[in-house]
Participant: 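This structure is in structure tokens; I'll ask about it shortly.
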Amino acid sequence: MVFKEYLKDSLTEIKRDFQLITKYIKYWFIILVSFGFTIFYNFQYFKLEKEIIGLNKQKSYLLAENMQLKKQKAVLSSPKRIYKIATQKLDMKKVDLKNVHFIKTSNE
Amino acid sequence: MNKTRVYITAGFLTFLFFLVWLRLIDIQLLNREKYIKYIERQYYTKENIILPRGSIFDKNGDIFAISVPTINLFAIPKYLTDTQKEELAKGISEIIHISKWKILRKLKRHKNYVILAENVDKKYKDQLLKLRKDLEAWNFGIIDSSKRFYPFDSLAGTTIGFVNRKTGKGMEGLEYKLNDKLGGGIGKILLMKDAAGNPFTIEKEEISDVQYNVEISIDKNIQFMAETALKKLVELRKPKEAAVLIVDPNTGDILAAATYPNYNPNKYWRYRYHKNIIFQNAYEPGSLAKPFVFALAYKKGILKDKYYCGNGYIKIGRRIIRDHARFKYLTPEEIIIHSSNVGIIKIALELDKDEIYKNFLKFGFGKSTKTFPGEASGIIRKVYGKAQVAYMSIGQSWIASPIQIAMAYSAIANGGYLLKPRLEKAFINAETGEREEIPVKIVRKVLEDDTVKKLKEVLKLVVEEGTAKSGKSEFYTVAGKTGTAQKYDPKTKSLSKTKYYTWFAGFFPVDKPKYTIVVFANEPQKVYKWEHIGGGKVSSVVLKELIDQLMFYSKQKPDKHPASAKH
């Protein structure tokens, strides 16, 4: 009996509290939406940041690769190397101007 | 629950939130810097890394110096198990091909932060990161760094200079001069510390200010030709020092600056001598001084038809100055062609001594051109007695650097204008690509047109018939002057009869000069015992090698029309 009355009182109190809560439901809704939006925004923000980090990493790798290629190109274009290939592998000789035919242009 | 209790609780909670909010404003806005610094001190440590520098290009855009991105490998061994250390050393050794024991020794000897390998090629980064993940060795890490690389090794080594591998800053040559423009140096990298204060992860890098790439006036192909020719001279004459300098007389651009000794900037620490003698040393010019005395006398109109050069010597006070031959009578032109000391001294003694001194100053002697770091100014002093005038006119008792000689002879070549030598042609902003050109700078007009014409005629004959004839070209006209200066011997306290500085300075082709060339040797040796050491003979090996090659490289037709050449 006592328990029944206690349950009834509690229900009445919950009902009253609920009425009070429902009175401010729009405020609750605004808070929840704000939280939801914040979570969504953060999710997007971190996703984008991750993407930027990835792209920066890729950029750094490509820059490093580019520098390495520039270095290799420079090494390959070394006059010492070209001279060695020309004289030793291709058996090329230095130009003898006696054998060069110079052509006169019309305005000379 | 009554309404009042709800309001009190809600109000209390709101107040607490308000306090938290105020605190957040304090931390994140009002005292943000203070707290960031506090966190950095507590949780981060800064480590030094070598920052990349701008590149140095030659006049054709070929790279002379480049900063290549590399990685440094580090570890904190006390957090690694013995098995991890073994596996890590083995893995790193297999990836970057260095000794496993070397790495293992470092891992076992050190407890805290230790660099395992420096300047490793960045292409291994992914493999190394995978190794870290596989071994779960989170206290093994990678830091980005950079390494200065010179693709042409020793080509123009003394001119380009080098960057200190520990500080990342230029120490010699252009690398030193252009420190402000090229950037580099030491940067800081922020590493997160653990509770014991050991770094374990990289947070951010501090990058230097705006960098410039630099385009210089050197042409790598001309530089190579000059160095090859210089090598032949060194092999033949075994001098203490030697140099070949090639300048564009119309712009003052230094196209090649070959020096002996030279060094490879990639391994600069293996060499003791890092000087560039073209800019940083000065020597007695010997007979190279004579055309400037001749020019002054010609301008003053005091030249006689003939000068008696006696028995090959002249006595001034107690001093006797000798010629290399007995010429008897010589015209003023022949005095230059045959390089007669007696003849030029007789001309000089007829001139005002102050005017001779000022004339040399006018050509830039005694003053640094400020083109290169640590550049020599040379020394030339006012003369008082006749003997001093005599020695000054034959290029003894005063000193000039090869670059000063080149600019003075360029003035004869370009119609009488003394130019400032140009080594840097443009600065290019590494980010925007914006070019800042360095203009050609005329210092002053130093020769009248008629004097230039006369000098060109005489200097051409020096090469055709005179002291420099052994170096003349079959296809191109060359004008120039040889010089041989006796070195001062501290043992005998007089001028040495066996040790010389030998020179050749000239330009070609004579009518429209494209190149000025200076060939210098310090104490060249005799090839034959009976041989007389002189600027002409010593330099001829270089001139023979270079003139035709250079002119062919710059697509210039012969202006001498030898019978053997086809037209």
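Chain letters run A, B, ... following the sequence lines, proteins first and then strands; every chain starts at 1.
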Participant: For residues 149-158 of chain B, give me every residue with a non-hydrogen atom less than 4.5 Å from any non-hydrogen atom of chain A.
Facilitator: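 Heavy-atom contacts from residues 149-158 of chain B to chain A are B:F149, B:P151, B:F152, B:L155.
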
Participant: Which atom names give the shortest non-hydrogen contact between B:A10 and B:T14, and what distance separates them?
Facilitator: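 Closest approach of B:A10 to B:T14: O-OG1, 2.6 Å.
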
Participant: Would you please indicate if the ring centroids of B:Y263 and B:F162 are separated by under 6.0 Å?
Facilitator: yes

Participant: Are B:D62 and B:K220 close enough, and set up right, to give a salt bridge (charged side-chain N to carboxylate O under 4.0 Å, His left out), and what steps lead you there?
Facilitator: CA-CA 8 Å; B:D62 287 308; B:K220 74 164 186 199; 3.2 Å; yes

Participant: Parallel, tilted or perpendicular: which fits the ring planes of A:Y41 and A:Y45, with parallel below 30° and perpendicular above 60°?
Facilitator: parallel

Participant: Working to the nearest 0.5 Å, report the span between OG1 of B:T228 and CG of B:L233.
Facilitator: 12.5 Å

Participant: Sort A:K70 into side chain, backbone, both or neither according to what part of it lies under 4.5 angstrom from a heavy atom of chain B.
Facilitator: both

Participant: Write down the atom of B:I428, the atom of B:G433, and the distance for their closest heavy-atom approach.
Facilitator: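 In terms of heavy atoms, the two residues are closest at CG2-O, 3.7 Å.
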
Participant: Counting only non-hydrogen atoms closer than 4.5 Å, does B:T70 touch chain A with its backbone (N, CA, C, O), its side chain (CB onward), both, or neither?
Facilitator: neither

Participant: Begin from the C-alpha positions of B:I142 and B:L129 and carry the test side chain to side chain contact (heavy atoms under 4.5 Å, CB included) through to its verdict.
Facilitator: CA-CA 8 Å; B:I142 294 164; B:L129 287 174; 3.8 Å; yes

Participant: Would you name the heavy atoms of B:I66 and A:K71 that are closest together and state the gap between them?
Facilitator: CD1-N, 4.3 Å

Participant: By a 4.5 Å heavy-atom criterion (distance strictly below it), what part of A:V95 contacts chain B: side chain, backbone, both, or neither?
Facilitator: side chain

Participant: Who in residues 76-85 of chain A is close to chain B, using a strict under-4.5 Å heavy-atom cut-off?
Facilitator: A:S77, A:S78, A:P79, A:K80, A:Y83

Participant: Checking heavy atoms, do the side chain of B:Y476, its backbone, both or neither come under 4.5 Å from chain A?
Facilitator: side chain

Participant: Which heavy-atom pair separates B:Y212 from B:L182 by the least distance, and what is that distance?
Facilitator: O-CD2, 3.5 Å

Participant: For B:Y515, give me all partners under ring pair (Phe, Tyr, Trp, His ring centres under 6.0 Å), at least two apart in sequence or on another chain.
Facilitator: B:F508

Participant: Mind jotting down which residue pairs meet the salt bridge (charged side-chain N to carboxylate O under 4.0 Å, His left out) criterion with at least one end in residues 222-234 of chain B? Sequence neighbours excluded, please.
Facilitator: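 For residues 222-234 of chain B: B:K232-B:E545.
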
Participant: Is any side-chain N of the basic residue among B:R148 and B:E175 closer than 4.0 Å to the acidic one's carboxylate O?
Facilitator: yes

Participant: Select one option (side chain, backbone, both, neither) describing which atoms of B:K123 are under 4.5 Å from chain A's heavy atoms.
Facilitator: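 Contact with chain A: none, neither part.
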
